[in-house]
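Some notes on the structure that comes next.
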Amino acid sequence: MPSDIEIARRVTLRPIAEVAAQAGIPAEAIEPYGRAKAKIDVALLPASGPSGKLILVTAINPTPAGEGKTTTSVGLADALNRTGRKTMLVLREPSLGPCFGTKGGATGGGWAQVGPMTDINLHFTGDFHAITAAHNLLASMIDNHIYWGNALDIDVRRVSWRRVLDMNDRALRDITQSLGGVANGFPRESGFDITVASEVMAVLCLADNLADLEARLGRIIVAETRGQGPEGRRPVTARDLKADGAMAVLLAEAIKPNLVQTLEGNPAILHGGPFANIAHGCNSVIATRTGLALADYVVTEAGFGADLGAEKFFDIKCRQAGLSPAAAVIVATVRALKMNGGVAKADLGAEDVAAVRRGAVNLVRHIENVRQFGVPAVVAINHFAADSDAEIAAIREIVAAHGTEAILCRHWAEGGAGAVDLAEAVAALADSGGAQFAPLYDDDLSLIDKMATIATRIYRAEAIHADPAIHARLKHWEAAGFGNLPICMAKTQYSFSADPAKLGAPTGHIVPIREVRLAAGAGFVVAICGELMTMPGLPRVPAAEAIRIGADGAIEGLF
């Protein structure tokens, strides 16, 4: 069986101008980056167009390799186009961290990919580099301001803005900076997050336009001033430091969505890339709105399982952008259900119908959770060669017993042709008008109660636990006018609990809130749960060890 990169290299992609024309994008709105990718100047798009139906692809709690959510999104979009429905695929961009770590890239797999695969998985159009530069410019301006007299009276013990890097590097999680003497500034403790966890990434993904981007950048809180008690301290923003204008300049090209194509030549927009376990996990609002204005159906996805990506898509992105999804797809695999049913990773290839039935409690909970938002859903069984007919039949039976349909999909091996049944079912759901979307909680609920609502209703926890200092900080933010913000839970992707070892569908657990961060520019409050790190580390055998340039000059080892 050929690898993903080998399949991608077999396909000759269409010139990007042809893809743009198919999508209804005028030539003057396209800024080519080579032959097969381009930026879209959304200001030059037609003022009116289709009002597409928004379809979310989400998933069950995954194995470390992922369950093919992006692959299913690509296959579904190709299948919808194949059946005569004008469809736009709108996805996130990959981060370099997973590409060189465990999970690999984010361009799909098999014959359900977007391309050019190597370009997208590596530097693409430079969006992540621009986000990294804008974030670190702000960090540099904080330290520079303190060095040159600290006119804003910043308390160096309360600088919350860390630096970022788009790479997994555990050694940078906690650092001591500015060592080496007076010329290098004032020493203090700090650290690095991965770029996809940057508030600048979230700001770019949630901004309406360039003006809104700059306004949001200006609202980013980076530190507090000196003072007695929380009431005596004042937040310091990027605007206070006069950094917002320069940051916006660095992001002026990055805010433009990227146009690429599937291996079947259908248009796809890739833009932004926050992780869903440590950030809000959705592509940009600008990209989604662009797709909705160009197509009758828009297929998008949100990272990791529905307890993370889908919840944040509904409660953060849809709430802020006024989006109303028409249908959802929950991706499941036999192997992930067996893992949730207690099977060790090494034994996932052997048939085990009983383990599938045990692990199906995870899938059932995700079905129930998506329904809480008023969005109808179907289940896509992403087929693997080792799956048995009995295992597939067990999933279909269980899903049917809970009032929905499970559809076997072979898009990895067959492209869009392998997802036609899924396309017909999803289109029927979206066209039915049965969605009655509503977020999980109201804006005026307290911040701590919003966290508790997510934990009890989505994770089925008994309660949350937060130290008194966290409660006090949340109350302080509420008093400062931030109480209406939604919550971005940073939690392990492997479990409904904060413990990655608790698979299946645990109940009655406690979700520990270890830390809270105010993302005033992005417009949400981050709650970091348990031991989750915002700077991942590389595995024992990172994927980077197998990535190289072959004798023919082509890149090898990406997946």
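Just so we're clear, the structure is a prediction, and the values are computed from it rather than from any experiment.
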### Task
Quick one: list whatever passes salt bridge (charged side-chain N to carboxylate O under 4.0 Å, His left out) with Asp208, sequence neighbours left out.
Arg289

### Task
Could you tell me which residues satisfy side-chain contact (heavy atoms from CB on, under 4.5 Å) with Phe437, sequence neighbours excluded, listed by chain and number?
Phe314, Cys318, Ser324, Pro325, Phe373, Val375, Pro439

### SB check Arg163 Asp143 (cutoff 4.0 Å)
yes

### Task
Check ring pair (Phe, Tyr, Trp, His ring centres under 6.0 Å) between Phe275 and all other residues, then give those that pass, not counting sequence neighbours.
none

### Task
State whether the side chain of Glu214 and the backbone N or O of Leu210 hold a donor-acceptor pair below 3.5 Å, judged by distance alone.
no

### Task
Sorted by first residue and then second, give each side-chain hydrogen bond (donor to acceptor under 3.5 Å, both in side chains) pair with at least one member in residues 506-515; sequence neighbours left out.
Glu515-Arg517

### Task
Answer yes if the side chains of Asp193 and Thr534 hold a donor-acceptor pair under 3.5 Å, and no otherwise.
yes

### Query
Using 4.0 Å as the upper bound for N to carboxylate O, is an ion pair formed by Asp119 and Lys37?
yes

### Summary
Sequence neighbours excluded, the answer for side-chain contact (heavy atoms from CB on, under 4.5 Å) partners of Arg170 is Arg173

### Summary
For residues 513-532, the ring pair (Phe, Tyr, Trp, His ring centres under 6.0 Å) pairs (sequence neighbours left out) are His280-Phe524

### Query
Sequence neighbours excluded, which residues qualify as ring pair (Phe, Tyr, Trp, His ring centres under 6.0 Å) partners of His129?
His123

### side-chain contact (heavy atoms from CB on, under 4.5 Å) partners of Lys256, counting only residues at least two apart
Glu31, Lys39, Glu253

### Message
My understanding is that only residues two or more places apart in sequence, or in another chain, count here; which of them pass side-chain contact (heavy atoms from CB on, under 4.5 Å) with Ala505?
### Response
Val361, Arg365

### Task
For Phe313, enumerate each residue passing the ring pair (Phe, Tyr, Trp, His ring centres under 6.0 Å) test, keeping only those at least two apart in sequence or located in another chain.
none

### Query
How would you list, by chain and number, every residue that makes a side chain to side chain donor-acceptor pair (under 3.5 Å) with Thr300, sequence neighbours excluded?
Asn283

### Task
Could you name each residue pair satisfying side-chain hydrogen bond (donor to acceptor under 3.5 Å, both in side chains) that touches residues 236-247, not counting sequence neighbours?
Arg234-Asp240, Thr237-Asp240

